[in-house]
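Single-structure report; data block below.
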There are 2 protein chains.
Amino acid sequence: MKTATRADEWMTLLQREGYRQTAARRAIVEVILASQRALEPMEIFECGRKQYPGLGLVTVYRTLEKLEELGLVQRVHQPNGCNMVLRATQGHQHLLICTHCGQAVYFEGDDLHPLFERVAQGSGFDIQDHWLQLFGLCAACQKNPGEN
Amino acid sequence: MKTATRADEWMTLLQREGYRQTAARRAIVEVILASQRALEPMEIFECGRKQYPGLGLVTVYRTLEKLEELGLVQRVHQPNGCNMVLRATQGHQHLLICTHCGQAVYFEGDDLHPLFERVAQGSGFDIQDHWLQLFGLCAACQKNPGEN
DNA sequence: CTGAAATTGAAAACGTTTTTCAATTATAAC
DNA sequence: GTTATAATTGAAAAACGTTTTCAATTTCAG
């Protein structure tokens, strides 16, 4: 399966950084890679336990730290939670999130620099960073408004 | 003082909604109105106590609920906290936040609809809402990089 | 196979937010 | 003013998510 291959990559990257390959970490990595949406640590713990019943919640937190450090996952802020974890993407991309099922899709940000210029001039700020996130209904949830 | 007048307005709005005017609530309202940045509940509690020593933290939480319900304050997500409270503004505006001192300034959002269109077409999503927030250094913090 | 070092899960500690409850206070009616 | 009543209060306790501590286990290099 595809996610297994990607999980291998992540495990190798962990090892390359001096961390060890363990069953607990693999379970966590596979849960994150298999998910289309950002997950809370508790959800990762619960799903991971199905695959590796000995898994502890503390290990989830510790592994997330390392994956974030490696840039493999990203913390996502949502109205319903601000410590949600999603696989990261390369380059500067923004998120589009389904308000119904949570599905998270990355998209290439437009060039917002004209806006930044304007705001910088108006405010005197030196603008360094920005957050942009869109919310809506994904195609599937538009068709099945009742589901879930 | 200006903030006192605005505090009166907020207290009247609370009363109009059937809530009572109390010293605890007034202290909370004045702290929020006097602040240039979003505050954590605990900060509001500590500042509010200087003005009204009997204030309880629970009352802060309960008052914030009501102020949010009335649309007078807004919860702000920041890297260092996701339950920060800021006076709200009319209409659809976005925030520019100083990464050094926390100062928060509202600005009129550009027209992002062309971007939404493009993303909607590419993803099949029906886009309903968006978050846009800019971060940078305010004019004062650019001048005094050392200051706190 | 062996030993050293990293990793583990459970329990305890922690900080934040919510709930519970009896006492107090604001308000409207008199 | 005084009074009745319903909202509001703060403290304590509970609930929640996250972090720390620690002894036991596991990984991995040699």
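So that the names make sense, note that chain A is the first sequence line, chain B the second, and so on, each numbered from 1. Note that the coordinates shown come from a computational prediction; the quantities given were computed from them, not determined experimentally.
- When rounded to the nearest whole Å, the span between CG of B:Leu55 and P of C:dT24 equals 18 Å.
- For the ring pair (Phe, Tyr, Trp, His ring centres under 6.0 Å) test with A:Phe135, the passing option among B:Phe116, B:Phe125, B:Trp131 is B:Trp131; the others fail.
- The phosphate of D:dT18 has OP1 or OP2 within less than 4.0 Å of a side-chain N or O from A:Tyr61.
- In the set C:dT18, D:dA11, D:dT8, D:dT8 carries the atom at the smallest distance from any side-chain atom of B:Thr22.
- B:Val29 pairs with exactly one of B:Ile44, B:Leu67, B:Asp8 by the side chain to side chain contact (heavy atoms under 4.5 Å, CB included) rule, that one being B:Leu67.
- Here the two rings, on B:His130 and B:His92, have centers that are under 6.0 Å apart.
- When each of B:Ala23 and B:Glu65 is assigned the nucleotide of DNA chain C bearing its nearest heavy atom, the one mapping closer to the 5' terminus is B:Glu65.
- Between B:Ala24 and A:Pro41, the one whose closest nucleotide on DNA chain D sits nearer the 5' end is B:Ala24.
- A side-chain N or O of B:Gln93 and one of B:Glu108 form a donor-acceptor pair less than 3.5 Å apart.
- Side-chain N/O atoms of A:Asn83 include one lying less than 4.0 angstrom from OP1 or OP2 on D:dT18.
- Using a 4.0 Å heavy-atom distance criterion, B:Gln15 is classed as a sugar-phosphate-only contact.
- At a threshold of 4.0 angstrom between heavy atoms, the contacts of B:Arg62 include nucleobase atoms, whether or not backbone atoms are also involved.
- Residue whose closest nucleotide on DNA chain C sits further toward the 5' end, between B:Arg20 and B:Glu40: B:Glu40.
- Rounded to whole angstrom, the span from the CD atom of A:Gln21 across to the P atom of C:dT8 amounts to 12 Å.
- The CZ-P distance, from A:Arg26 to C:dT8, rounds to 14 Å in whole Å.
- Residues A:Tyr19 and A:Leu55 share a single hydrophobic cluster, defined by chaining ILVMFWY side chains whose heavy atoms lie under 4.5 Å apart.
- Remark: A:Arg25 is not in phosphate contact with D:dT27, judged by side-chain N or O atoms under 4.0 Å from OP1 or OP2.
- The CD atom of A:Glu17 sits 12 Å away from the P atom of C:dT7 (whole-angstrom rounding).
- Out of C:dT20, C:dT7, D:dT8, the shortest distance to the side chain of A:Tyr19 is found at C:dT7.
- In this structure, B:Met11 places its CE atom 11 Å from P of D:dT8, rounding to the nearest Å.
- Remark: B:Glu43 engages B:Arg37 in a salt bridge, criterion side-chain N to carboxylate O under 4.0 Å.
- Spacing between atom CD of B:Glu68 and atom C1' of C:dT18 amounts to 15 Å, rounded to whole angstrom units.
- Atom CZ of A:Arg16 is separated from atom P of D:dT27 by 21 Å (rounded to the nearest Å).
- Here the side chain of B:Val58 is nearest to one of C:dT17, D:dA12, D:dT8, namely D:dA12.
- At the heavy-atom level, A:Phe45 lies nowhere under 4.0 Å from the strands shown.
- Following rounding to the nearest Å, B:Leu14 (CG) and C:dA26 (P) show an atom-to-atom distance of 15 Å.
- Candidate nucleotides D:dA11, D:dT8, C:dT17 were compared by shortest atom distance to the side chain of B:Leu57, and C:dT17 ranks first.
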